[in-house]
Amino acid sequence: ICKKSYDHSSTYYNLQETLHKWPRSSIKGLSLPLMLRQFTLHTSKTRSGGVLKIVREHYLRDDIWCGSEVCKECKDEAPVLQEHACIESNLCSYPHYLIPDTNVVLHQIDILEDPLIRNVIILQIVLQEVRHRSAPVYKRIKDAIHEKEKHFYTFTNEHHRETFIEREQGESANDRNDRAIRVAAKWYTDHLAKKTNGGSLKVVLLTDDRSNKEKAEQYGLIVYRCEEYIKSLIGNPELMDRLALKPDDQNEITGSKLLFPEHLPLSRIQSGIKNGMFLQGTFHANRDNYLEGKVFINREGEEINEVLLQGLQNLNRAVHQDVVAVELFPKEHWVAPSSVVLQDDSPNDEDAEEDETENKLKGEPSDSSVLQPTGRVVGIIKRNWRPFCGMLSQSMIKEATRHLFTPADRRIPRIRIETRQAANLVGQRIMVAIDGWPKNSRYPNGHFVKNLGSAGDKETETEVLLLEHDVPHQPFSQAVLSFLPKMPWSITEEDLKVRADLRHLCVCSVDPPGCTDIDDTLHCRELENGNLEVGVHIADVSHFIRPGNALDQEAASRGTTVYLCGKRIDMVPELLSSNLCSLRSNVERLAFSCIWEMNHNAEILKAHFTKSIINSKASLTYAEAQMRIDDSTMKDDITKSLRGLNRLAKILKGRRIAKGALTLSSPEVRFHIDSETHDPIDLQSKELKETNSMVEEFMLLANISVAQKIYDEFSECALLRKHPSPPPSNYDILIKAAKSRDLNIHTDSAKALADSLNNATVENFPYFNTLLRILATRCMMQAVYFCSGMDSDFHHYGLASPIYTHFTSPIRRYADIIVHRLLAVAINADSTYPDLMDKHKQSALCNNLNYRHKMAQYAQRASVAFHTQLFFKNKGIINEEGFILFVRKNAIIILIPKFGLEGAVFFDNKDKPSPHLSFDSEGPTLKVEEHTFRMFDEVKVTISLDASNIQHQRIRMALIEPVIPGVSVPVPESEPEAKKPKLDC
């Protein structure tokens with residue numbers, strides 16, 4: 001088994017690790033050419049006075065394959081390294097294999113991923129070091145190894161008799177590993193020379209370590225620096241752009257002026273954290289103000305949960321998501337978060353100073369009631385850099401090779417790169433990686449990675465937003481697809497034996513128009529005893545996705561389906577999502593059913609769960625279901641079922657609200673898409689019907705019922721979902737907004753908040769309550785998945801439920817698949833497996849699911865924003881009424897209800913004299929000349945697309961009413977548009 005898996009490095013490595021844990025006696029019967037080496041790690045005394053010796057066993061072999069086509073002696077069935085390994089090079093005119101050392105893999109992964117680079121030997125010691133030092137690079141190099149066209153081969157040098165070396169006395173671990181790389185390179189050189197009778201096939205070692213290079217040359221190896229080798233490649237100058245800069249190179253292209261404080265060494269940081277001098281946390285940059293950010297403290301039990309940072313010096317080269325060490329300022333130096341919104345017109349000149357903006361920030365008065373713990377970054381514990389999407393700002397200097405790159409994410413600083421193809425990259429979306437940020441450089445240094453396509457192109461922009469939000473969107477691999485059911489598929493006799501046959505029930509689905517991944521169906525019927533039977537039937541995805549296989553691992557990694565405008569990134573392959581698992585009408589499907597017996601007051605008398613077989617009688621949209629309910633002439637079984645469900649749902653909702661469940665609001669929009677160009681031609685706020693609420697109520701009820709069941713059965717490993725209570729400070733802005741209208745909002749509990757919102761009305765202002773609920777939504781915490789054995793707070797604040805989970809959408813959420821598996825085990829419908837009962841692994845899974853769900857939400861918002869820009873692109877200027885949602889020191893943030901759109905009107909325009917501004921944070925209010933703006937005031941604005949900055953196109957608003965001399969603009973005329981065929985999206 002071991003021998004046949006040599007070309008599957010991960011399998012082989014895992015087998016080796018397992019083998020080394022077995023007692024020697026248990027492998028005596030195996031005919032494997034093993035040699036045992038024992039190492040005494042250390043000795044210690046036991047309590048009884050004896051001596052305990054810790055020994056590690058290490059097995060070596062002499063039959064490990066070299067992986068080359070030229071080797072006939074140890075050749076296996078599927079060679080990886082090609083015999084004619086030719087890359088045109090001025091240095092290496094002969095066929096050759098490359099062996100990169102650890103630092104080359106870590107820092108030049110963009111080079112190694114290029115299609116030109118093939119026939120590379122990745123040593124086991126290198127792979128192990130990369131795995132420990134950088135999980136993202138490890139994944140990327142593993143992907144390259146598994147790409148057959150790349151011909152990357154993993155050689156297990158640590159278990160080969162001739163390439164394994166022991167660490168010498170006084171030798172550091174790093175020096176030992178460098179020596180192991182040289183020994184393996186030497187072995188390959190000699191081995192291939194023997195197999196080719198001294199032929200032309202050579203081995204080239206790549207290292208950027210000067211000492212390692214000198215020793216390799218003394219050893220008789222062919223060795224080059226990575227840059228040296230890449231420069232030698234003929235006809236591929238663009239590869240030079242992808243070289244990561246080394247620290248020495250970075251110092252050469254920066255000035256001598258010290259711009260930032262020195263970062264403390266890690267040893268001082270660790271001791272400072274230990275003695276309480278420093279705090280460790282994750283840095284989050286401010287999306288609206290690049291001169292401000294917060295560090296969220298990671299350690300539980302700390303009195304301070306977050307630290308405010310203001311100004312470039314205090315940010316000290318921290319980049320969004322970096323793990324940093326911060327020093328807290330004395331309380332007298334604490335400040336309030338800035339209320340300044342910075343516009344996206346920062347200069348492209350790399351020497352331009354941000355002093356004016358920073359002085360504005362420093363000059364801002366701090367409200368003592370909102371002062372926050374404030375500090376500065378003293379060191380970086382872990383960089384969380386990734387390749388960033390954005391655009392190149394070409395230098396004005398002719399024939400310059402150094403240019404500034406502006407990331408699409410406003411939280412990321414501009415990056416200085418060297419490229420020789422700047423003229424070709426202008427107007428393109430590109431990817432750039434950061435290499436470092438010297439203390440004497442205003443910007444970090446980086447290198448070009450990839451050209452994504454023309455800016456503004458729909459496919460390119462969609463690719464950018466998927467990459468920026470880390471949404472896995474590559475096609476499903478053959479390994480994943482191999483676990484799909486073979487077609488044609490049908491329900492078997494075995495399925496009928498072990499499942500409840502519910503095909504006779506009048507179940508139906510109610511979904512948005514165009515939905516093909518139908519997760520849920522419902523039914524309601526009257527029983528002979530006068531009670532009602534209500535069922536929620538959910539697609540049985542866990543029947544098709546079995547634990548631990550490649551399909552399951554891919555779904556777990558993706559975590560969720562991502563819905564963009566006009567595009568869906570599935571969590572599972574389409575055969576499942578839109579066919580075999582989708583509960584379409586008039587086809588038999590496998591389901592997991594939650595069935596209640598209720599009285600007519602929607603009180604649950606009995607509940608049971610079963611695997612089932614159903615046949616949906618209708619796939620309805622919300623509008624179609626509503627029409628059936630409202631049409632008194634329709635009396636068929638489906639309509640009767642819907643009316644029963646709708647009546648019960650109203651009772652359930654009323655009961656939930658009475659317990660304190662929140663009814664919040666968020667502006668959502670629906671695009672109408674041109675059937676030919678697929679551009680948005682109309683934009684409207686979504687209209688919710690009773691049937692939306694009807695489906696929601698029964699999904700909530702099913703989720704709560706299942707949550708209680710799996711927790712009762714598995715109190716330590718149930719996957720649940722909670723919504724934490726917001727800290728009181730989150731409600732400050734909501735309370736101020738209500739107070740400005742002489743209303744009081746009570747936030748002692750969810751029930752108190754719900755009652756306050758229900759009672760908050762203003763005469764002749766019907767939209768006021770909606771605005772207040774939109775603002776309340778912004779005050780909420782994020783709901784999260786968690787493992788019951790790792791937490792004690794299960795409460796769902798927004799739903800006012802003591803326990804909750806997700807069961808009803810397994811086609812699009814992996815959490816639901818795990819819940820299905822737990823429920824199946826609880827009712828003896830399936831068997832368990834170790835990971836399902838491991839609370840630590842469940843908790844780690846929850847962390848990934850929370851991350852994927854958050855990124856999916858951000859990606860969806862970005863898609864809406866992009867399509868909104870497309871909609872306004874050809875609209876010219878539109879006049880519309882709106883409401884002030886927030887008041888800032890230099891701007892007002894306006895909501896346009898008709899379009900569900902938010903935008904800012906700035907009053908500190910650089911192109912003309914600014915009006916007199918007076919900001920009061922207590923209100924909050926902003927006085928512009930003689931007019932005072934406050935939250936929820938009605939205004940009239942012009943809306944247009946500002947495409948002057950192609951990188952950050954945005955919706956620009958200008959004030960029409962109220963009329964303020966020198967600020968308001970005259971009312972422009974709108975032009976009628978030609979009608980086009982449209983599709984809902």
Side-chain angles (χ1 to χ4, degrees), residues 98-117 120-145 150 152 154 173-175 177-178 180-182 185 204-213 216 223-233 236 238-254 263 266 317 319 321-323 380-388 402 405 412 415-419 430-438 441 443-450:
L98 297 174
I99 298 182
D101 72 0
T102 305
N103 284 322
V104 169
V105 174
L106 283 169
H107 302 302
Q108 306 296 352
I109 184 66
D110 294 317
I111 292 287
L112 295 174
E113 286 179 327
D114 191 276
L116 180 72
I117 306 299
V120 177
I121 300 164
I122 304 294
L123 300 176
Q124 178 191 357
I125 186 63
V126 170
L127 203 57
Q128 287 173 339
E129 279 195 279
V130 170
R131 185 180 189 178
H132 292 146
R133 290 170 61 180
S134 174
V137 174
Y138 177 73
K139 182 184 184 303
R140 291 170 69 182
I141 195 65
K142 290 287 285 183
D143 288 344
I145 290 168
K150 294 282 288 175
F152 276 39
T154 305
N174 186 61
D175 288 343
N177 292 344
D178 283 347
I181 293 169
R182 295 193 297 271
V204 175
L205 175 63
L206 296 181
T207 179
D208 289 327
D209 184 293
R210 187 178 300 171
S211 174
N212 194 25
K213 184 174 184 292
V223 55
Y224 296 110
R225 289 182 295 109
C226 189
E227 180 182 358
E228 190 179 10
Y229 176 78
I230 295 301
K231 277 183 177 178
S232 77
L233 299 181
N236 292 280
E238 69 281 357
L239 263 184
M240 284 296 297
D241 288 351
R242 303 184 71 176
L243 276 171
L245 292 173
K246 303 187 295 296
D248 291 345
D249 298 331
Q250 293 182 43
N251 290 331
E252 286 177 11
I253 64 172
T254 56
H263 285 151
L266 197 56
R317 295 170 284 157
V319 176
Q321 293 287 3
D322 283 350
V323 180
I380 307 295
I381 296 170
K382 182 185 178 186
R383 291 291 195 187
N384 277 321
W385 294 341
R386 58 176 174 82
F388 300 104
R402 294 171 190 166
F405 164 84
I412 306 301
I415 303 165
R416 183 188 287 110
I417 69 168
E418 288 201 33
T419 177
I430 64 174
M431 291 181 74
V432 162
I434 298 178
D435 300 324
W437 195 343
S441 173
Y443 306 111
N445 297 320
H447 65 273
F448 169 79
V449 174
K450 186 180 181 182

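The figures here come from the full heavy-atom set of this structure, side chains too, leaving out hydrogens, waters and symmetry mates. Owing to the predicted nature of the structure, the values given are computational and were not obtained by experimental measurement.
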**Message:** Is it the case that the side chain of Asp322 and the backbone of Asn384 share a donor-acceptor pair, with hydrogens and angles ignored and the cut-off at 3.5 Å?
**Reply:**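 Yes: the side chain of Asp322 pairs with the backbone of Asn384.
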**Asked** Between the main-chain N or O of Asp114 and the side-chain N or O of Lys150, is there a donor-acceptor pair closer than 3.5 Å?
**Response**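 Yes.
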Could you state the interatomic distance from [atom1] ([X]) to [atom2] ([Y]), rounded to the nearest 0.5 Å?
X: Ile430; Y: Phe388; atom1: CD1; atom2: CZ; answer: 13.0 Å
X: Thr102; Y: Ile181; atom1: OG1; atom2: CD1; answer: 4.0 Å
X: Leu243; Y: Phe448; atom1: CG; atom2: CZ; answer: 12.5 Å
X: Asn177; Y: Ile125; atom1: CG; atom2: CD1; answer: 3.5 Å
X: Gln128; Y: His132; atom1: CD; atom2: NE2; answer: 6.5 Å
X: Asp241; Y: Asn236; atom1: CG; atom2: CG; answer: 12.0 Å

Do you know which two heavy atoms are closest between [X] and [Y], and how far apart they sit?
X: Val137; Y: Val105; value: CG1-O, 3.6 Å
X: Asp209; Y: Asn212; value: OD1-N, 2.8 Å
X: Gly446; Y: Ile415; value: N-CG2, 3.7 Å
X: Phe152; Y: Ile141; value: CE2-CD1, 4.0 Å
X: Val449; Y: Ala433; value: CG2-N, 3.6 Å
X: Asp435; Y: His447; value: OD1-ND1, 2.7 Å

Hey, are [X] and [Y] close enough for a salt bridge, meaning a charged N less than 4.0 Å from a carboxylate O?
X: Arg225; Y: Asp208; answer: no
X: Arg182; Y: Asp178; answer: no
X: Asp110; Y: Arg140; answer: yes
X: Arg242; Y: Glu238; answer: no

**Asked** Can Arg133 and Asn103 be counted as having a side-chain donor-acceptor contact under 3.5 angstrom?
**Response**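 There is such a pair between these side chains.
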**Request:** Go through Ile117 and Leu233 one step at a time and tell me if the side chain to side chain contact (heavy atoms under 4.5 Å, CB included) criterion holds.
**Result:** CA-CA 10 Å; Ile117 306 299; Leu233 299 181; 4.3 Å; yes
Taking side chain as C-beta onward, heavy atoms only, is [X] less than 4.5 Å from [Y]?
X: Arg416; Y: Ser441; answer: yes
X: Val319; Y: Trp437; answer: yes
X: Leu127; Y: Lys142; answer: yes
X: Pro100; Y: Val126; answer: no

**Request:** Evaluate the side chain to side chain contact (heavy atoms under 4.5 Å, CB included) criterion for residues Glu228 and Lys213: first the C-alpha distance (whole Å), next the side-chain angles of each, then the deciding distance (0.1 Å), finally the verdict.
**Result:** CA-CA 12 Å; Glu228 190 179 10; Lys213 184 174 184 292; 3.9 Å; yes
